[in-house]
**Q** 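Got a structure here, written out as structure tokens. Questions coming.
Ligands are counted one by one from 1 in listed order, and the atoms in each one are counted from 1 as well. Basis for what follows: all heavy atoms, side chains included, without hydrogens, waters or symmetry-related copies.
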Amino acid sequence: MSLKGKSAIVTGSTSGIGQAIAETLAGAGCNVMLNGFGDAGAIEKLRQDTAKKFGVKVQYNGADMTKPAEIADLVAKTNAAFGSVDILVNNAGIQFVAPVEKFPAERWDAIIAINLSSAFHAIHEALPLMKAKKWGRIVNIASTHGLVASKEKVAYVAAKHGIIGMTKVVGMECADTGVTCNAICPGWVLTPLVQKQIDARAKEQGIPAEQAMKNLLAEKQPQLQFTTTEQIAGLALFLCSDTASNMQGTQLVSDGGWTAQ
Ligand code: NAD
């Protein structure tokens with residue numbers, strides 16, 4: 001499918017799932033605004049490599065997703081650079097693991113800000129631009145944790161359930177506008193966000209990281225395989241296609257059987 005002439009913002013695209021989505025959209029001919037933290041040299045290399053490989057315009061904006069004014073600026077700068085914001089992928093996210101009574105209030109605030117409120121602020125700014133063009137795609141990267149819970153992830157599970165609710169409301173409000181809003185729910189995907197959890201478990205239990213990885217999969221995913229970043233990016237591309245134009249306010253799940261149990 002071709003997204004030639006369209007432009008996308010992918011939040012948190014300097015790593016993991018967001019990076020794969022940015023590259024996949026660029027591969028379909030879409031101009032892309034990268035966002036996220038990381039080493040400035042590595043981000044510039046990613047920007048240049050993606051632009052060169054796919055022959056599209058790629059820019060970078062370092063907006064901090066905890067800051068509404070910077071999110072508004074990200075959307076405005078993308079519109080100014082590319083002439084439209086056709087696709088918004090709300091992907092930036094962080095994790096913190098602790099029992100609720102030991103969960104630091106500061107981590108709660110940060111997770112709610114980055115994993116949930118940032119999507120509201122970005123949609124708030126981008127939706128009028130999409131509606132004016134009578135076409136748009138909002139893709140929210142939720143999680144299996146938007147559908148079911150795990151212990152010690154109170155902020156993450158609350159934020160991901162929240163983003164699924166937000167997806168439904170925005171989807172309803174977008175009906176008949178040419179804009180769709182849907183969510184993707186990945187199970188375990190081997191990115192730095194999950195590697196940190198594997199390393200922490202290995203340390204805590206005194207076992208090799210390889211064993212901690214196998215245990216982590218076995219606990220949740222009957223298929224015992226990670227979903228890949230490319231598979232999630234493929235689902236995001238699908239949601240941008242005409243085939244998905246009647247999908248509204250719903251979720252696509254790729255979790256190796258996690259939530260079928
Ligand atoms: P990752 O750590 O590889 O990438 C996270 C990205 O978010 C990075 O680019 C980082 O710089 C960016 N980011 C973090 N804080 C930010 C901030 N304040 N402002 C702007 N950017 C910020 O993680 P990932 O696994 O690729 O996660 C991406 C999304 O997928 C998250 O929303 C996560 O919850 C979701 N998800 C991941 C998994 C998984 O197993 N990895 C499963 C389900 C859902």
**Q** Which residue owns the protein heavy atom closest to atom 21 (N) of ligand 1, what's the atom, and how far is it?
**A** Gly36 CA, 3.6 Å
**Q** I want to confirm something. Looking only at heavy atoms, which of Leu74, Leu116, Ile141 is nearest to atom 30 (O) of ligand 1?
**A**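 The nearest heavy atom belongs to Ile141.
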**Q** For ligand 1, which is the ligand I care about here, please tell me if Lys160 has any N or O atom under 3.5 Å from one of the ligand's N or O atoms.
**A**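 In this structure, Lys160 places an N or O atom under 3.5 Å from an N or O of ligand 1.
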**Q** Indicate yes or no: does an N/O atom of Met65 lie under 3.5 Å from an N/O atom of ligand 1?
**A** yes
**Q** Starting from atom 25 (O) of ligand 1, what is the nearest protein heavy atom, named by residue and atom, and what distance separates them?
**A** Thr191 OG1, 2.5 Å
**Q** Around atom 14 (C) of ligand 1, find the nearest protein heavy atom and jot down its residue, atom name and distance.
**A** Ile94 CG2, 3.8 Å
**Q** For atom 7 (O) of ligand 1, which protein heavy atom lies nearest, and how many Å away is it?
**A** Gly12 CA, 3.5 Å
**Q** Measure across Val32 and Ala22 and return the closest heavy-atom pair with its distance rounded to 0.1 Å.
**A** CG2-O, 3.7 Å
**Q** Short N/O distance, under 3.5 Å, between Trp188 and ligand 1?
**A**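 No, Trp188 has no N/O under 3.5 Å of an N/O on ligand 1.
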**Q** Quick check: Asn91 and ligand 1, any N/O pair under 3.5 Å apart?
**A** yes
**Q** Among Leu46, Thr14, Thr229, whose side-chain contact (heavy atoms from CB on, under 4.5 Å) with Gln19 holds?
**A** Leu46
**Q** Return the closest protein heavy atom for atom 40 (O) of ligand 1 as residue, atom name and distance.
**A**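 Checking every protein heavy atom, the shortest distance to atom 40 (O) of ligand 1 gives Val189 N, 2.7 Å.
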**Q** Looking only at side chains, do Lys220 and Thr144 share a donor and an acceptor under 3.5 Å apart?
**A** no
**Q** Under a 4.0 Å heavy-atom limit, does Asp64 contact ligand 1 with its side chain, its backbone, both, or neither?
**A** both
**Q** Look at the side chain of Gln248 and the backbone N and O of Asn182, then say whether any donor-acceptor pair between them is shorter than 3.5 Å.
**A** no
**Q** Using a heavy-atom cut-off of under 4.0 Å, does the side chain or the backbone of Thr14 touch ligand 1, or both, or neither?
**A**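 For Thr14, the contact with ligand 1 is made by both the backbone and the side chain.
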**Q** For a quick test of reading the model, state the closest non-hydrogen atom pair linking Ala20 to Ala233 and the distance between them.
**A**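 Answer, listing the atom of Ala20 first, then Ala233: O-CB, 3.5 Å.
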**Q** Can you figure out which of Thr229, Leu193, Thr66 has its heavy atom closest to atom 23 (O) of ligand 1?
**A** Leu193
**Q** Among all protein heavy atoms, pick out the one at the shortest distance from atom 11 (O) of ligand 1; state its residue, atom name and that distance to 0.1 Å.
**A**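 Minimum-distance protein heavy atom for atom 11 (O) of ligand 1 reads Phe37 N, 2.8 Å.
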**Q** Does a donor on one side chain sit under 3.5 Å from an acceptor on the other, for Glu219 and Asn215?
**A** no
**Q** Between Val170 and Ile138, which heavy-atom pair has the shortest distance, and what is it?
**A** CG1-CD1, 4.2 Å
**Q** If you count the atoms of ligand 1 from 1 in the order shown, which ones are under 4.0 Å from a heavy atom of Ile114?
**A** 15 (N), 18 (N)
**Q** Return the minimal non-hydrogen interatomic distance between Leu25 and Ala8, and the atom names on each side.
**A** CD1-CB, 3.7 Å
**Q** Please list, in number order, the atoms of ligand 1 under 4.0 Å from a heavy atom of Gly16.
**A** 3 (O), 26 (O)
**Q** Just distances here: any N/O of Gly18 and N/O of ligand 1 closer than 3.5 Å?
**A**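 No; the residue has no nitrogen or oxygen that sits under 3.5 Å from a nitrogen or oxygen of the ligand.
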**Q** Quick check: Val194 and ligand 1, any N/O pair under 3.5 Å apart?
**A**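 N/O-N/O distance under 3.5 Å: no.
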**Q** With nothing but distance in play, are any N or O atoms of Pro186 less than 3.5 Å from an N or O of ligand 1?
**A** no
**Q** Looking at Asn35, which atoms of ligand 1 are within less than 4.0 Å of one of its heavy atoms?
**A** 20 (C), 21 (N)
**Q** Under a 4.0 Å threshold between the charged nitrogen and the carboxylate oxygen, would Asp49 count as salt-bridged to Lys53?
**A** no
**Q** Between Ala63 and ligand 1, which part of the residue brings a heavy atom under 4.0 Å of the ligand: side chain, backbone, both or neither?
**A**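 Answer for Ala63: backbone.
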**Q** Between Thr11 (side chain) and Ala92 (backbone), is there a donor-acceptor pair under 3.5 Å?
**A** yes
**Q** Would you tell me which option among Ala92, Ser118, Ser15 has the nearest heavy-atom contact to atom 1 (P) of ligand 1?
**A**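 Heavy atom nearest to atom 1 (P) of ligand 1 belongs to Ser15.
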**Q** So, does Thr50 use its side chain to make a donor-acceptor pair with the main chain of Glu23 at under 3.5 Å?
**A** no
**Q** In terms of residue, atom name and distance, what is the protein heavy atom nearest to atom 44 (C) of ligand 1?
**A** Ala142 O, 3.1 Å
**Q** Going by the closest heavy atom to atom 38 (C) of ligand 1, which one wins out of Gly187, Gly93, Pro192?
**A** Gly187
**Q** Of the non-hydrogen atoms in Asn140 and Cys181, which two are nearest, and what is the gap between them?
**A** ND2-SG, 3.6 Å
**Q** What do we get for Tyr156 next to ligand 1 when only non-hydrogen atoms under 4.0 Å count, side chain, backbone, both or neither?
**A**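 Just the side chain.
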**Q** For the pair Glu204 and Arg201, find out whether any cationic side-chain nitrogen is under 4.0 Å from an anionic carboxylate oxygen.
**A** no
**Q** Distance to 0.1 Å, residue and atom name: give those for the protein heavy atom nearest to atom 26 (O) of ligand 1.
**A**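 Looking only at protein heavy atoms, the one closest to atom 26 (O) of ligand 1 is Ile17 N, 2.8 Å.
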**Q** Applying ring pair (Phe, Tyr, Trp, His ring centres under 6.0 Å), which residue pairs with at least one partner in residues 234-261 are found, sequence neighbours left out?
**A** His145-Trp258, Trp188-Trp258
**Q** Backbone N or O of Gln225 within a donor-acceptor pair of the Gln221 side chain at under 3.5 Å?
**A** yes
